[in-house]
Engineer: 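Below you'll find the structure I mean.
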Amino acid sequence: MISLAREGGYWLAVIDRPEKANSLTPEMLERLCEIAEAARKAQVLVITGTGRVFSAGADLEAARAGLATSPLWERLSGALARLPGLSICALNGTVAGGAMGMALACDLRIAVPGAKVFYPVMALGFLPQPSDPARLASLVGPARTKMILMAGQKVPVEEARDWGLIDRIVAPEDLLVTARALAEDTLSADPSHAAAIKALIR
């Protein structure tokens with residue numbers, strides 16, 4: 001349910017469980033961790049989904065069995081944040097819950113119109129993953145972070161773009177084309193040069 005296509009330094013990971021809103025099982029989350037860790041060898045990693053939802057976060061049954069508080073979420077977001085190359089989250093639809101962590105850890109976030117961003121930890125009674133609030137606040141500020149995490153707001157991507165959470169909104173048919181176009185400069189550069197620029201930004 002997680003596929004990986006490699007074209008030279010360009011890696012494309014796809015979450016493919018549309019019948020369950022791309023909700024993640026422990027096995028799927030483990031696979032995403034493995035891809036993110038191996039992607040240190042890639043120049044660009046793009047993560048997207050199939051269907052109308054990027055990911056609803058943890059599979060509900062798995063969440064009740066403990067996945068909601070699994071260290072795998074932090075393992076995934078940490079691996080993404082440490083990548084020396086460019087990481088792009090291409091949101092083919094709404095992103096919710098724990099799946100927000102991988103989106104926040106990526107360098108760029110592009111999305112299709114009409115998608116929403118939400119993280120219902122207050123309603124579900126879970127804490128967000130430890131690194132997520134700080135990453136979110138660095139993008140949108142503390143008050144808007146509280147709008148999402150404490151007020152439970154489902155933020156349309158059009159508004160999220162104004163906040164700085166989404167970098168670009170593109171038509172669904174252009175989503176992966178846009179991701180590839182954003183990757184071109186990094187793909188054409190020496191990996192050490194890209195890593196040095198990223199280190200300066202950090």
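Every heavy atom of this structure was used, including side-chain atoms; hydrogens, water molecules and symmetry mates were not.
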Engineer: Look only at the side chain of Glu74 and the backbone of Ser131, and say whether a donor-acceptor pair between them is shorter than 3.5 Å.
Structural biologist: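 Yes; at least one donor-acceptor contact below 3.5 Å.
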
Engineer: Report whether Phe126 and Met100 are members of the same hydrophobic cluster (ILVMFWY, side-chain heavy atoms less than 4.5 Å apart, transitive linking).
Structural biologist: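 The answer is no; the residues belong to distinct hydrophobic clusters.
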
Engineer: Does the pair Trp163 and Leu136 meet the rule for a side chain to side chain contact (heavy atoms under 4.5 Å, CB included), with working shown?
Structural biologist: CA-CA 11 Å; Trp163 289 7; Leu136 184 56; over 6 Å; no

Engineer: Linking I/L/V/M/F/W/Y whenever any side-chain heavy atoms sit under 4.5 Å apart, do Tyr119 and Val53 land together?
Structural biologist: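 No, Tyr119 and Val53 fall in different hydrophobic clusters.
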
Engineer: Output the distance between atom NZ (Lys41) and atom CZ (Arg6), rounded to the nearest 0.5 Å.
Structural biologist: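 Here the rounded value is 7.5 Å.
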
Engineer: Between Asp16 and Thr50, is there a side-chain donor-acceptor contact under 3.5 Å, judged purely by atom types and distance?
Structural biologist: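 Short answer, yes.
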
Engineer: Less than 4.0 Å between a side-chain N and a carboxylate O, is that true for Glu34 and Arg31?
Structural biologist: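 Salt bridge between Arg31 and Glu34, a charged N being under 4.0 Å from a carboxylate O: yes.
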
Engineer: Between Glu37 (side chain only) and Leu80 (backbone N and O only), is there a donor and an acceptor less than 3.5 Å apart?
Structural biologist: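 Not at all, since once roles are kept as given, no pair shorter than 3.5 Å links the two residues.
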
Engineer: Which value, rounded to the nearest 0.5 Å, describes the distance between Ile35 atom CD1 and Leu4 atom CG?
Structural biologist: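 Here the interatomic distance stands at 4.5 Å.
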
Engineer: Would you name the heavy atoms of Thr94 and Ala115 that are closest together and state the gap between them?
Structural biologist: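 Taking every non-hydrogen atom into account, N-CB, 3.7 Å.
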
Engineer: Are side-chain heavy atoms of Pro172 and Pro113 found at a separation under 4.5 Å?
Structural biologist: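 A side-chain contact under 4.5 Å exists here.
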
Engineer: Between Pro128 and Pro133, which heavy-atom pair has the shortest distance, and what is it?
Structural biologist: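 Minimum heavy-atom contact is CG-CG, 3.6 Å.
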
Engineer: Show, in sequence, the C-alpha distance, side-chain angles and deciding distance for Ile201 and Asp107, and conclude whether the side chain to side chain contact (heavy atoms under 4.5 Å, CB included) test is met.
Structural biologist: CA-CA 11 Å; Ile201 296 169; Asp107 298 313; over 6 Å; no

Engineer: Search all heavy atoms of Leu76 against all heavy atoms of Ala36 and return the closest pair with its distance.
Structural biologist: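 Distance-wise, the nearest heavy atoms are CD1-CB, 3.9 Å.
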
Engineer: Determine whether a donor-acceptor pair (N or O, by modelled atom type, separation under 3.5 Å) exists between the side chain of Trp73 and the backbone of Leu67.
Structural biologist: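 Side chain of Trp73 to backbone of Leu67, a donor-acceptor pair under 3.5 Å: yes, one is there.
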
Engineer: Is there a path of hydrophobic side-chain contacts, each under 4.5 Å between heavy atoms of I, L, V, M, F, W or Y residues, that connects Val155 with Phe118?
Structural biologist: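 Val155 and Phe118: separate clusters.
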
Engineer: If you compare all heavy atoms of Ala38 against all heavy atoms of Trp11, which two are closest, and at what distance to 0.1 Å?
Structural biologist: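 Scanning both residues completely, I find the closest heavy atoms to be O-CH2, 3.4 Å.
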
Engineer: How many angstroms lie between atom CD1 of Ile47 and atom CD1 of Ile2, to the nearest 0.5 angstrom?
Structural biologist: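 That separation rounds to 9.0 Å.
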
Engineer: How many angstroms lie between CG in Leu72 and OG1 in Thr69, if you round to the nearest 0.5 Å?
Structural biologist: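 So the gap between those two atoms works out to 10.5 Å.
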
Engineer: When you measure from the side chain of Glu173 to the backbone N and O of Ala171, does any donor-acceptor pair fall under 3.5 Å?
Structural biologist: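 No, because the side chain of Glu173 does not come within donor-acceptor range (under 3.5 Å) of the backbone of Ala171.
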
Engineer: Of all the heavy-atom pairs spanning Leu83 and Ser87, show the shortest one and how long it is.
Structural biologist: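 Smallest heavy-atom distance, with atoms named: CD1-CB, 4.3 Å.
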
Engineer: Tell me which one of Val95, Asp167, Val117 satisfies side-chain contact (heavy atoms from CB on, under 4.5 Å) with Arg109.
Structural biologist: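 Exactly one option meets the side-chain contact (heavy atoms from CB on, under 4.5 Å) with Arg109, and it is Asp167.
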
Engineer: Can you establish whether the number of heavy atoms outside Asp162 located under 6.0 Å from its atom CG is more than 12?
Structural biologist: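 Yes.
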
Engineer: Grab the two heavy atoms, one from Asp132 and one from Gly101, that are nearest each other, plus how far apart they are.
Structural biologist: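 Taking Asp132 first and Gly101 second, the nearest heavy atoms are OD1-CA, 3.4 Å.
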
Engineer: From the options Arg40, Lys198, Gln43, select the one residue that forms a side-chain contact (heavy atoms from CB on, under 4.5 Å) with Pro84.
Structural biologist: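 Exactly one candidate clears the test, Arg40.
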
Engineer: Taking the side chain as C-beta and beyond, is there a heavy-atom pair between Val140 and Met147 under 4.5 Å?
Structural biologist: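 No, side chains not in contact.
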
Engineer: More than 12 foreign heavy atoms under 6.0 Å from CZ of Arg52: is that the case here?
Structural biologist: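 No, CZ of Arg52 has 12 or fewer neighbouring heavy atoms, counting only those of other groups under 6.0 Å.
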
Engineer: Show the numbers, then the answer: is there a side chain to side chain contact (heavy atoms under 4.5 Å, CB included) between Met28 and Asp59?
Structural biologist: CA-CA 10 Å; Met28 293 169 70; Asp59 174 85; over 6 Å; no

Engineer: To the nearest 0.5 Å, tell me how far Ser70 OG sits from Gln129 CD.
Structural biologist: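 Between Ser70 OG and Gln129 CD, I get 8.0 Å after rounding to 0.5 Å.
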
Engineer: What I want to find out is whether Glu184 reaches Arg180 closely enough, with some N-O distance under 4.0 Å, to be called a salt bridge.
Structural biologist: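 Yes.
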
Engineer: Once you round to the nearest 0.5 Å, how far does OG of Ser55 lie from CG of Asn92?
Structural biologist: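 Going from the OG atom of Ser55 to the CG atom of Asn92 covers 9.5 Å.
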
Engineer: If hydrophobic residues (ILVMFWY) are linked whenever their side-chain heavy atoms come closer than 4.5 Å, directly or via other members, who joins Leu86 in its cluster?
Structural biologist: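 Noted: Leu86 shares its cluster with Tyr10, Leu12, Val14, Val44, Val46, Ile88, Leu108, Ile110, Val112, Val170, Leu175, Leu176, Leu182, Leu187.
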
Engineer: Arg75 and Glu30: side chain to side chain contact (heavy atoms under 4.5 Å, CB included), yes or no, with the steps?
Structural biologist: CA-CA 9 Å; Arg75 179 181 162 193; Glu30 177 81 32; 3.0 Å; yes

Engineer: For a 4.5 angstrom cut-off between non-hydrogen side-chain atoms, does Ser77 reach Leu104?
Structural biologist: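 Heavy-atom side-chain distance check fails, nothing below 4.5 Å.
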
